[in-house]
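Just so it is clear, the structure is predicted and the values come from calculations on it, not from any experiment. Scope of the values below: all heavy atoms of this structure, side chains included, with no hydrogens, waters or symmetry mates. First listed ligand is number 1; within each ligand, the first listed atom is number 1.
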Amino acid sequence: MIELDKVYFENCLETLSRMDNDSVDCVITSPPYNMNLRIRNGKYCSRQIVKELSTKYSTFDDNLPIEEYNEFHSNVLSELLRVSKVVFYNIQIVTGSKRSIFKMIGDFNEQLKDIIVWDKGVAQPAMQKQVLNRRTELILVFETDYPISRQYKYANFERGTLNDIWEIKRGKKVSKNHGATFPEELISKILENFTKEGEIVYDPFMGTGTTAIVCKKMNRRFIGSELGKEYYDFILERLSELNNEIQF
Ligand SMILES: C[S@@+](CC[C@H](N)C(=O)[O-])C[C@H]1O[C@@H](n2cnc3c(N)ncnc32)[C@H](O)[C@@H]1O
């Protein structure tokens with residue numbers, strides 16, 4: 001049984017295994033980007049952490065071999081599409097995610113509704129020459145009910161009011177140990193345009209809990225999963241601070 005307004009400290013696939021078909025209205029999430037997978041001599045080279053470049057996740061290395069990373073997305077996405085009508089899957093093209101993103105777009109082309117480009121305004125300088133500076137992230141939008149059309153079945157916006165490039169500055173760092181947090185504006189834009197008050201939103205990779213915080217502020221119900229104990233504790237702290245603010 002899954003409770004609302006609760007974050008589960010576990011692998012999201014475990015939470016998903018207890019969730020019924022079509023039991024949430026929307027998924028908003030950002031999976032790990034496989035940030036630390038490198039290429040050496042023209043081949044992916046996992047299991048080796050470049051400390052000074054690595055993302056600071058305390059719980060995992062974020063460098064799965066590419067086949068395992070492909071499988072990870074495929075398993076998670078299939079489950080997300082079983083439980084939710086619409087899925088906003090935010091991911092950045094980096095060395096370790098590039099192949100998987102392109103594969104996911106192909107494998108799930110029948111449910112892929114749209115690709116929204118999140119423009120952060122400032123590019124991350126590339127580490128090497130002949131590499132594009134990365135200023136954007138992608139939001140792959142999947143829908144199960146009406147994917148053939150460009151028209152969203154569950155959306156609130158009027159004709160001509162919402163573009164496919166979202167200019168939103170990178171989020172404030174809310175935790176020194178988590179580099180990749182959602183800006184609140186990104187979540188609120190999705191909630192405002194694609195959900196209604198009281199609807200249920202699931203984030204399988206909660207990180208610092210931004211999805212939960214914005215859901216609370218905008219009167220949506222949330223469910224979350226997070227594997228890292230440190231992040232899980234941090235989410236509980238953030239939620240309790242918000243509860244105290246709301247009471248005063
Ligand atoms: C890119 S971050 C998400 C950041 C989040 N959007 C925020 O605003 O803070 C990905 C998170 O997923 C967590 N994670 C990785 N694998 C997981 C899994 N299988 N199940 C649940 N959480 C996982 C990591 O610990 C990390 O905090």
Side-chain angles (χ1 to χ4, degrees), residues 2 6-19 24 26-37 46 54-65 68-80 83 87-94 96-97 100-101 116 118 120 124 134 137-140 166 168-191 201-218 220 222-239 241-242:
I2 293 289
K6 180 170 167 124
V7 180
Y8 290 87
F9 169 44
E10 63 187 7
N11 188 322
C12 60
L13 286 169
E14 282 177 40
T15 320
L16 279 158
S17 71
R18 300 193 303 278
M19 287 167 80
V24 306
C26 178
V27 167
I28 305 175
T29 200
S30 185
Y33 295 172
N34 221 17
M35 211 67 160
N36 298 320
L37 185 69
S46 54
S54 83
T55 336
K56 286 185 189 153
Y57 287 119
S58 53
T59 32
F60 65 105
D61 288 343
D62 205 21
N63 66 348
L64 287 180
E68 278 179 42
Y69 190 59
N70 288 340
E71 202 181 326
F72 162 79
H73 284 300
S74 173
N75 291 341
V76 171
L77 205 48
S78 304
E79 275 294 85
L80 294 178
V83 302
V87 175
F88 291 82
Y89 207 73
N90 160 231
I91 190 158
Q92 187 177 24
I93 298 179
V94 296
S97 66
S100 281
I101 294 173
I116 296 170
W118 168 21
K120 296 188 277 193
Q124 294 226 12
R134 185 71 60 212
E137 299 205 10
L138 303 178
I139 303 171
L140 306 179
W166 294 0
I168 298 176
K169 295 242 162 15
R170 197 193 290 266
K172 270 195 297 188
K173 225 175 177 181
V174 288
S175 151
K176 68 175 167 32
N177 291 334
H178 212 303
T181 51
F182 276 144
E184 290 196 11
E185 191 184 341
L186 189 74
I187 309 292
S188 60
K189 191 156 181 153
I190 297 172
L191 294 183
V201 179
Y202 175 51
D203 185 343
F205 305 103
M206 265 279 177
T208 59
T210 319
T211 305
I213 296 288
V214 182
C215 279
K216 273 218 97 96
K217 288 182 181 171
M218 293 181 67
R220 270 67 171 175
F222 67 85
I223 304 165
S225 310
E226 172 53 52
L227 200 56
K229 177 79 171 97
E230 209 179 306
Y231 305 132
Y232 171 73
D233 289 341
F234 186 70
I235 299 168
L236 297 188
E237 220 175 277
R238 276 184 95 186
L239 283 169
E241 272 170 27
L242 184 69

- [ ] Under 4.0 Å from a heavy atom of C12: give me the atoms of ligand 1 that qualify, with their elements.
- [x] 18 (C), 20 (N), 21 (C)

Open item on the list: Using a plain distance cutoff, I'd like to know if F72 has any nitrogen or oxygen under 3.5 Å from a nitrogen or oxygen of ligand 1.
Closed with: no

TODO: List every atom of ligand 1 that sits less than 4.0 Å from any heavy atom of N11, numbering the atoms from 1 in the order shown and giving each element.
DONE: 18 (C), 19 (N), 20 (N)

Task: Atoms in ligand 1 flagged as close to P32, the criterion being non-hydrogen separation under 4.0 Å - done: 15 (C), 16 (N)

Task: Partner set under ring pair (Phe, Tyr, Trp, His ring centres under 6.0 Å) for Y202, not counting sequence neighbours - done: none

Open item on the list: Checking side-chain polar atoms at under 3.5 Å, does Q92 have a donor or acceptor matched by the opposite partner on S97?
Closed with: no

Task: Which of the ligand 1 atoms, numbered from 1, are nearer than 4.0 Å to a heavy atom of P204 - done: 21 (C), 22 (N)

TODO: Examine T210 against ligand 1 and note whether any of their N/O atoms are separated by less than 3.5 Å.
DONE: yes

Task: Residues which pass side chain to side chain donor-acceptor pair (under 3.5 Å) with E237, listed by chain and number, not counting sequence neighbours - done: none

TODO: Below 4.0 angstrom from a heavy atom of E10, which ligand 1 atoms are there? Numbered from 1 as shown, please.
DONE: 20 (N), 21 (C)

Task: Contact atoms of ligand 1, heavy-atom distance to Y231 under 4.0 Å - done: 25 (O), 27 (O)

- [ ] Just jot down the ligand 1 atoms closer than 4.0 angstrom to any heavy atom of T208, in number order.
- [x] 7 (C), 8 (O), 9 (O)

- [ ] Name the option, out of Y33, F182, F234, that contains the heavy atom nearest to atom 6 (N) of ligand 1.
- [x] F182

